[in-house]
Amino acid sequence: MAKTQLNVRVDEDTARAAKERALARGMSVNRYIEELVRRDAGELGRTFVDAAADFMKQYEAVFAEEFGTDREGRRRPVE
């Protein structure tokens, strides 16, 4: 994958913390920041899925009433 250079300004404490944490993990600061961003982006996806599952649990009865269910409790196909 091609790499793009970003220039980011942070305060001295943040820069020091990033360097220390990257060193403790045996990686470059670039790699450390890249992993933080990837993890954060992944959490957004998980947050969406969790919210959708919670919504379905909350409104399960409404969907069942509107669309019905088969004997196994699964929703019947809409015709």
Side-chain angles (χ1 to χ4, degrees):
M1 176 187 303
K3 298 282 185 171
T4 299
Q5 182 174 337
L6 298 175
N7 294 314
V8 180
R9 292 182 183 275
V10 296
D11 62 54
E12 290 180 19
D13 290 338
T14 301
R16 185 174 20 263
K19 290 175 185 177
E20 289 172 359
R21 289 171 190 260
L23 181 63
R25 288 168 175 76
M27 61 178 66
S28 68
V29 174
N30 286 338
R31 180 72 182 156
Y32 175 68
I33 300 299
E34 187 175 14
E35 286 189 10
L36 286 177
V37 172
R38 283 189 178 160
R39 264 191 276 156
D40 186 50
E43 286 177 20
L44 291 177
R46 278 192 300 277
T47 300
F48 173 79
V49 171
D50 291 345
D54 189 46
F55 173 85
M56 291 303 295
K57 283 180 189 175
Q58 287 181 320
Y59 293 96
E60 182 177 13
V62 175
F63 283 100
E65 183 179 319
E66 178 71 23
F67 301 108
T69 57
D70 64 15
R71 284 184 280 173
E72 286 80 31
R74 295 179 298 215
R75 183 173 63 99
R76 287 193 302 246
V78 177
E79 298 173 359

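All figures in this text were calculated on a predicted structure; none of them were measured in a lab.
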Trainee: Starting from the C-alpha separation in whole Å, work towards a yes-or-no answer on side-chain contact (heavy atoms from CB on, under 4.5 Å) for E35 and R25.
Mentor: CA-CA 11 Å; E35 286 189 10; R25 288 168 175 76; 5.9 Å; no
Trainee: Let's go through D54 and K57 carefully: what are the C-alpha distance in whole Å and the side-chain angles of both, what is the deciding distance for salt bridge (Lys or Arg N to Asp or Glu O under 4.0 Å) to 0.1 Å, and is it a yes or a no?
Mentor: CA-CA 5 Å; D54 189 46; K57 283 180 189 175; over 6 Å; no
Trainee: Can any side-chain N or O of R38 pair as donor or acceptor with the backbone N or O of E34 at less than 3.5 Å?
Mentor: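 Side chain of R38 to backbone of E34, a donor-acceptor pair under 3.5 Å: no, none is there.
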Trainee: Please say yes or no: joined through hydrophobic side-chain contacts below 4.5 Å, possibly via intermediate residues, are M56 and V62 part of one cluster?
Mentor: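 Same hydrophobic cluster.
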Trainee: Grab the two heavy atoms, one from A22 and one from Y32, that are nearest each other, plus how far apart they are.
Mentor: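 Nearest heavy atoms, A22 then Y32: CB-CB, 3.8 Å.
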Trainee: With sequence neighbours left out, what residues match R9 under salt bridge (Lys or Arg N to Asp or Glu O under 4.0 Å)?
Mentor: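 Not a single residue meets the salt bridge (Lys or Arg N to Asp or Glu O under 4.0 Å) criterion with R9.
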Trainee: What do you reckon, is CD of E12 surrounded by more than 12 foreign heavy atoms closer than 6.0 Å?
Mentor: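 No, CD of E12 has 12 or fewer neighbouring heavy atoms, counting only those of other groups under 6.0 Å.
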Trainee: Answer with yes or no whether the hydrophobic clustering places L36 together with V29; edges join I, L, V, M, F, W, Y residues whose side-chain heavy atoms lie under 4.5 Å apart.
Mentor: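 Both belong to a single hydrophobic cluster.
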